[in-house]
Amino acid sequence: EQVQLDPSAASDKKIILLPCKNPPSQERVHLWLEARKQYESLQKGR
Amino acid sequence: MTTLTRQDLNFGQVVADILCEFLEVAIHLILYVREVYPSGIFQKRKKYNVPVQMSCHPELNQYIQDTLHCVKPLIEKNDAEKVVVVIMDKEHHPVERFVFEISQPTLLSIRFLLLFKNHSDTLLSHVEQLLRAFILKISVCDAVLNNNPPGCSFTVLVHTRDAATRNMEKVQVIKDFPWIVADEQEVHMQEPRLIPLKTMTSDIVKMQLYVEERAQKT
């Protein structure tokens, strides 16, 4: 026995989405922060 | 009483602008308060007339902006039921979920239209005042939450309907920021503890924020 699906109901089902890309990692942000600190101290030393 | 739809008034766009601006501030603040990123990347700013912490890391800021650009068309069409900021441990299992549950009126009365036309500044200032309370609640939420394990990351989930995804297809391509359906691992949380933070009811939007926290974080 075949069950027929209602196409409108199927297309209106609840879903949960998320971005495929990841945000920058903690390590990457730490490196950026260190580089910025070094840059700022160099600027101050000039 | 005669009623107008949201589309007639372009109300969706007004609400989406307000909410996305608010969500941007809220996401930055959550990442700061929950120590997802080092505090050194955050700077004190004033939003909604209260001090907040906003990231100055260009890549992170762009990521948050791109995320909200894609969510905006869903909010505009009243197709975003929940926007969730999920903090995940090293194994990519959720440890905390900040759930923004959004509900918008589908029909607006003529009386309200006239009121909005003549007193939009007052009404929007009232909404801003309500949103300020959310920001203040987020800024002190660490007092009611347990510490997160080291090395956490985050993502943003949006609860919508399959048919609504076409509203965000164009912006995904423009921004080169594709979205996918979440896996069970990204959604499921074992024995979550529910902490209600704030609820607001205004003429243009209703919203509640609560946190779901995993019982065992480590």
Side-chain angles (χ1 to χ4, degrees), chain A, chain B residues 27 31 35-42 55-64 66-71 74 79-86 88 90 92 150-166 168 172 175-184 186-188:
Chain A
E1 201 176 320
Q2 282 192 328
V3 179
Q4 277 203 327
L5 290 171
D6 177 2
S8 62
S11 68
D12 206 27
K13 73 169 193 274
K14 286 187 178 190
I15 55 167
I16 303 173
L17 300 174
L18 83 165
C20 190
K21 291 180 184 177
N22 290 324
S25 65
Q26 269 190 6
E27 293 75 23
R28 198 173 159 84
V29 172
H30 265 294
L31 280 173
W32 177 86
L33 189 60
E34 285 308 310
R36 198 180 76 152
K37 279 177 185 168
Q38 280 183 18
Y39 174 77
E40 281 172 357
S41 66
L42 277 171
Q43 291 289 307
K44 277 180 190 167
R46 277 189 180 176
Chain B
I27 293 171
L31 298 178
E35 299 176 355
V36 177
Y37 291 106
S39 61
I41 69 156
F42 293 90
S55 148
C56 58
H57 187 277
E59 199 186 329
L60 175 61
N61 294 3
Q62 190 61 53
Y63 183 86
I64 296 169
D66 287 345
T67 302
L68 292 172
H69 264 123
C70 293
V71 173
L74 295 178
D79 284 326
E81 192 190 323
K82 289 176 192 171
V83 176
V84 188
V85 181
V86 187
M88 296 171 299
K90 275 182 185 165
H92 296 279
C152 283
S153 59
F154 84 102
T155 192
V156 175
L157 302 179
V158 57
H159 290 236
T160 184
R161 291 187 175 274
D162 204 5
T165 53
R166 75 176 91 91
M168 65 191 295
Q172 286 185 63
K175 292 275 166 197
D176 186 24
F177 200 79
W179 288 62
I180 51 173
V181 176
D183 291 337
E184 176 64 19
E186 286 146 338
V187 176
H188 181 73

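Since we're looking at a predicted model, the values are computed, not measured. Numbered from 1 within each chain, the chains take letters A, B, ... in sequence-line order.
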Please classify the contact between [X] and chain A as side chain, backbone, both or neither, with a heavy-atom cut-off of under 4.5 Å.
X	result
B/Val158	both
B/Gln172	neither
B/Cys70	neither
B/Ser55	neither

Pair count under 4.5 Å, heavy atoms only, with chain A: among B/Val156, B/Thr160, B/Val181, highest is B/Thr160
Give the member of B/Val71, B/Leu157, B/Asp66, B/Thr67 that has the highest number of heavy-atom pairs under 4.5 Å with chain A.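 Going by pairs under 4.5 Å, I would pick B/Leu157.
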May I have the list of side-chain donor-acceptor pairs in residues 79-86 of chain B shorter than 3.5 Å, sequence neighbours left out?
from    : atom 1 : to       : atom 2 : distance (Å)
B/Asp79 : OD2    : B/Asn167 : ND2    : 3.1
B/Glu81 : OE1    : A/Lys14  : NZ     : 3.2

Mind checking what makes salt bridge (charged side-chain N to carboxylate O under 4.0 Å, His left out) contact with B/Glu35, not counting sequence neighbours?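 Partners of B/Glu35 under the salt bridge (charged side-chain N to carboxylate O under 4.0 Å, His left out) test: none.
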Contacts of type salt bridge (charged side-chain N to carboxylate O under 4.0 Å, His left out), residue A/Lys44, not counting sequence neighbours: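 Partners of A/Lys44 under the salt bridge (charged side-chain N to carboxylate O under 4.0 Å, His left out) test: none.
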Nearest atoms (heavy-atom pairs only) where [X] meets [Y]:
X	Y	value
B/Tyr37	A/Pro23	OH-CB, 3.6 Å
B/Phe177	A/Pro19	CE2-CB, 3.6 Å
B/Asp176	A/Lys21	O-NZ, 2.6 Å

What I'd like to find out is whether the side chain of [X] reaches to under 4.5 Å of the side chain of [Y], using heavy atoms alone.
X	Y	value
B/Met168	A/Leu17	yes
A/Leu18	B/Ile180	yes
B/Thr155	A/Asn22	no

Using modelled atom types and a 3.5 Å cut-off, is there a donor and acceptor pairing between side-chain atoms of A/Gln26 and backbone atoms of B/Ser153? no
Taking only heavy atoms into account, what residues of residues 29-37 of chain A are found under 4.5 Å from chain B?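 The residues closer than 4.5 Å to chain B, in numerical order, are A/Val29, A/His30, A/Trp32, A/Leu33, A/Arg36.
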Report, as yes or no, whether the 6.0 Å neighbourhood of atom NZ on B/Lys90 holds more than 12 heavy atoms from other residues, nucleotides or ligands. no
